[in-house]
Amino acid sequence: SKPHREVKSGCVIYTYMVHFASKKHAVAHVGRARGGPPAERAAQLAPPHIRSQVDVRTCRVTPRSLAPSHSTPAPLPNTRVFRTRLRPHRLSHPRLRQSRPMRFLAVAALLASAAAFDSELGFELDEDGCVKEFKEGIDYFSAPRRAMFVKDDVGVPSKTTGFAKLFEIEYRLTFKIVRNKQTGDVFVLHHCGTPAVDPNTLPEDAANATTFSVPVKRVGTDTTVTLAFLEELGLFHKLVIADTSYATSPCLQKLERCGDTTHKASWWGDNETERIAHYDGVDEMSDLFFTSFAIANFTEEVRFSATGDPSLLGRAEWVKFVGAFFNKEPEANRVFRDIERSLVETQTVSYNAQLAAYPSGGAPVIAFMTYTDCSGNPSWCPTIGGVVVKKYYQINRPEYKLEAILKAGCRPLSLSALDSNFHPVWGGPNRIIAVPDVKSLHEALTGVDVLVDETYEYNNTAYTMDTFLSNYEISHGDQDAFPFLRNDKVLRLDATLGKTIYGGTDWYEAGVIRPDVFVAELASYTYDLPDTFPAEMFMRNLATGHLPRVLTWEDAEPRCVCNATGADPVYNACVDSVCIIQDLNTLPSPPSPPSPSPSDDGLSGGEIAGIVIGAVVGALLLLSVIFLVSKEKAGKPVFKPYTEVVKESNYNGAPPQTEAA
């Protein structure tokens with residue numbers, strides 16, 4: 001329709017009504033009026049009351065989902081705001097931005113139809129996220145509030161699992177059922193403000209499940225892995241208790257310093273009575289406690305098994321598992337989608353680098369290695385070849401590391417390069433392979449181009465190249481025999497440390513949720529791509545003398561404040577049951593409307609531009625609908641079932657554990 005134009009404090013606002021699927025939706029375009037500062041183009045989707053959301057300083061729309069409701073800074077839901085980290089740069093290679101025309105049309109159609117999407121879901125939530133006035137028949141966990149296990153940002157959020165294989169979420173009207181398929185744990189998450197769950201409506205496996213009132217108000221954890229998931233979701237304001245012994249997050253260090261989060265060390269002893277006593281009182285401090293193992297007689301515990309999922313994205317997708325306890329699934333969708341897309345882009349650039357470096361085929365070989373001396377604790381020593389060994393070397397080959405090697409455009413060390421002195425020791429066949437014989441080790445390493453040394457060191461800052469050479473019994477005169485030494489590519493996963501009790505590494509905190517960074521850094525060091533992939537988050541290069549950086553509470557970003565409150569909720573943008581994970585940065589920005597001429601009695605330039613844009617958008621929408629309908633009638637639907645999409649994906653799941661993969 002004809003755009004409505006108005007000016008607010010120097011900002012010109014054009015609002016269009018787009019008719020789609022028998023509904024009207026408002027689309028707004030905001031720019032700087034004549035005489036103001038340089039224009040900042042911004043295409044924004046907004047509800048009809050757009051005027052109240054325009055920031056007159058920048059002439060940009062401030063969506064309610066991002067506008068803080070309190071004076072203290074609130075975390076954005078789809079970015080890590082607390083941690084001083086280097087995220088991979090968004091790639092600008094033209095091949096990475098190509099997409100099928102149909103995908104653009106489908107996304108454009110959904111975005112236009114979602115333009116009027118509001119937080120009005122047919123019910124209101126109070127400041128704690130509870131339903132204010134319960135009404136029968138309303139779906140309080142409808143599509144806009146669900147975890148989306150879809151591809152290309154668009155789909156029906158009805159599937160219960162995606163890349164992750166070890167958890168699933170089942171939605172009902174007033175509650176959801178979360179299952180940890182590795183441990184067999186089942187949890188019923190009941191929406192506060194609605195009637196208690198009727199036991200007769202629960203499936204058999206949930207009859208005796210622990211029930212949580214969601215969104216959870218207070219959370220605790222004794223694992224560092226969970227900390228990064230909570231931080232990515234902007235939930236540190238709810239973190240009341242945590243084991244900060246090995247934490248690296250500057251914000252967590254700051255929150256502990258100001259008393260918002262209480263330190264509680266983990267318990268690793270075997271005595272169950274002592275373990276229960278150690279955690280006494282934790283249940284009174286928190287409503288939910290994430291842990292890596294079962295704590296007897298502790299009803300609020302939830303075992304977090306992200307590290308057990310075999311694939312890179314499967315491990316990261318546990319952000320949706322965490323988000324479910326806080327009704328933060330839409331935020332989790334955004335976090336995961338950003339990670340997934342970044343990983344795919346990294347994979348493309350890595351393969352191009354591989355093609356350029358090895359035009360006739362082949363790829364660099366990467367090996368993850370560990371040296372262990374267990375003579376101080378013989379009970380930890382493995383039996384290799386029928387003999388208990390106190391000093392040995394192991395090649396680490398879990399599925400996600402093999403997958404990371406392949407996605408970085410490289411190859412794992414072939415099993416055929418290992419002689420009979422190598423023996424599988426833990427985690428299944430060929431997952432961790434150990435050898436006590438140094439000669440056999442050296443023979444295998446002659447075919448390794450990049451070596452990642454994962455040897456444990458209490459003081460990581462003291463671990464140098466000399467330490468590595470001593471552990472692996474390599475003399476300076478023998479270095480030419482090993483490609484990784486000739487090429488100066490000896491890496492460690494301790495580039496970032498926390499100034500905490502034990503100086504934990506960021507790899508053991510954020511490595512699970514950020515596989516895109518992990519793969520990018522592997523590719524960066526292997527193919528020397530520091531400008532494309534800045535590698536300073538997880539990995540450092542021993543061979544070139546890189547030292548770890550130590551983060552303190554003073555490195556926390558300004559948004560990390562004590563006594564903070566959370567951000568307003570965001571939702572999936574849906575048309576009926578079809579949703580899109582919104583991110584305006586993924587679509588090209590339309591041109592800014594021209595400044596109006598005060599002497600023009602007819603239509604202004606902006607109004608004419610608005611009519612043209614509206615006509616183009618309408619034509620695109622009509623073509624997309626016609627195309628979709630024709631495909632459906634022809635039996636060739638554009639949107640495929642998730643199971644078929646997974647089969648076609650070239651980056652899902654773990655690769656085979658052989659060199660041929």
Side-chain angles (χ1 to χ4, degrees), residues 62 65-88 127 129 215-264 285-286 288 290 319 322-323 325-326 328 331-332 334-335 338-339 495-514 517 536-538 548-570:
T62 302
S65 60
L66 301 183
S69 57
H70 301 80
S71 58
T72 55
L76 300 181
N78 61 339
T79 57
R80 169 166 289 173
V81 299
F82 288 143
R83 191 182 300 262
T84 302
R85 299 187 185 278
L86 294 176
R87 297 170 68 96
E127 61 182 9
V216 167
K217 295 181 180 179
R218 304 174 302 168
V219 62
T221 182
D222 63 358
T223 72
T224 54
V225 172
T226 316
L227 293 174
F229 284 80
L230 293 170
E231 190 170 14
E232 286 281 5
L233 291 172
L235 291 170
F236 265 8
H237 65 288
K238 294 192 174 189
L239 184 62
V240 295
I241 184 170
D243 182 358
T244 61
S245 304
Y246 297 91
T248 58
S249 166
C251 187
L252 180 58
Q253 296 180 53
K254 181 177 179 178
L255 296 181
E256 181 187 6
R257 183 182 176 89
C258 66
D260 283 10
T261 302
T262 301
H263 166 65
K264 181 69 174 180
M285 298 178 62
S286 63
L288 164 67
F290 287 113
V319 68
V322 174
F325 288 85
F326 304 90
K328 289 280 189 180
E331 288 90 336
R334 294 184 179 192
V335 169
D338 183 61
I339 293 169
T496 304
L497 309 175
K499 193 174 183 180
T500 47
I501 298 175
Y502 298 114
T505 67
D506 199 27
W507 166 248
Y508 290 113
E509 185 169 319
V512 176
I513 198 172
R514 294 308 305 270
V517 178
E536 297 182 26
M537 184 169 172
F538 297 139
R549 60 171 181 160
V550 180
L551 300 179
T552 72
W553 68 271
E554 295 177 310
D555 294 310
E557 295 187 4
R559 292 178 183 270
C560 177
V561 295
C562 300
N563 301 314
T565 56
D568 291 341
V570 300

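A quick note: this is a predicted structure, and the numbers were derived from the prediction, not measured.
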Trainee: If I compare all heavy atoms of Ser286 with all of Val240, which pair ends up nearest, and what's the gap?
Mentor: CB-CG2, 4.0 Å
Trainee: Taking His263 for its side chain and Thr244 for its backbone only, find out whether a donor-acceptor pair lies under 3.5 Å.
Mentor: yes
Trainee: With under 30° as parallel and over 60° as perpendicular, where do the rings of Phe290 and Phe325 fit, or are they tilted in between?
Mentor: perpendicular
Trainee: For the pair Phe326 and Leu230, evaluate side chain to side chain contact (heavy atoms under 4.5 Å, CB included) and give the outcome as yes or no after the intermediate values.
Mentor: CA-CA 10 Å; Phe326 304 90; Leu230 293 170; 4.1 Å; yes
Trainee: Give the minimum heavy-atom separation between Asp568 and Glu331, together with the two atoms involved.
Mentor: O-OE2, 4.4 Å
Trainee: Of the non-hydrogen atoms in Thr224 and Tyr508, which two are nearest, and what is the gap between them?
Mentor: OG1-O, 3.0 Å
Trainee: Give me the atom names and distance for the closest heavy-atom approach of Val550 to Gly498.
Mentor: CG1-C, 4.1 Å
Trainee: Identify the heavy atoms of Ala556 and Pro250 that sit nearest to each other, and give their distance.
Mentor: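 That closest heavy-atom pairing would be N-CB, 3.4 Å.
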Trainee: When rounded to the nearest 0.5 angstrom, what distance separates CZ in Arg334 from NZ in Lys328?
Mentor: 10.5 Å
Trainee: Quick one: side-chain contact (heavy atoms from CB on, under 4.5 Å) partners of Thr262, sequence neighbours excluded?
Mentor: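 Applying side-chain contact (heavy atoms from CB on, under 4.5 Å) to Thr262 gives Met285.
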Trainee: Is it true that a side-chain atom of Thr552 and a backbone atom of Lys499 form a donor plus acceptor pair closer than 3.5 Å?
Mentor: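 Not a single qualifying donor-acceptor pair exists.
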Trainee: Are any side-chain N or O atoms of Asp338 and backbone N or O atoms of Val335, one a donor and one an acceptor, separated by less than 3.5 Å?
Mentor: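 Looks like no, no N/O pair under 3.5 Å.
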Trainee: For a quick test of reading the model, state the closest non-hydrogen atom pair linking Ala510 to Ala228 and the distance between them.
Mentor: CA-CB, 3.7 Å
Trainee: Can you pull the salt bridge (charged side-chain N to carboxylate O under 4.0 Å, His left out) pairs that have at least one residue in residues 233-259, sequence neighbours excluded?
Mentor: none
Trainee: How far apart are the C-alpha atoms of Leu233 and Val322, what are their side-chain angles, what is the distance that settles it, and do they pass the side chain to side chain contact (heavy atoms under 4.5 Å, CB included) test?
Mentor: CA-CA 9 Å; Leu233 291 172; Val322 174; 3.9 Å; yes
Trainee: Enter the distance from Leu227:CG to Glu232:CD here, rounded to the nearest 0.5 Å.
Mentor: 12.0 Å
Trainee: Keeping Gln253 on the side-chain end and Leu551 on the backbone end, is there a donor-acceptor pair under 3.5 Å?
Mentor: yes
Trainee: Between CG of Leu255 and OG1 of Thr261, what distance do you get to the nearest 0.5 Å?
Mentor: 4.5 Å
Trainee: Quick check against the 3.5 Å criterion: does Thr248 have a side-chain atom that pairs as donor or acceptor with the backbone of Gly504?
Mentor: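 Side chain of Thr248 to backbone of Gly504: no pair is present.
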Trainee: By the salt bridge (charged side-chain N to carboxylate O under 4.0 Å, His left out) test, which pairs, at least two apart or in different chains, include something from residues 216-229?
Mentor: Asp128-Lys217, Arg218-Asp287
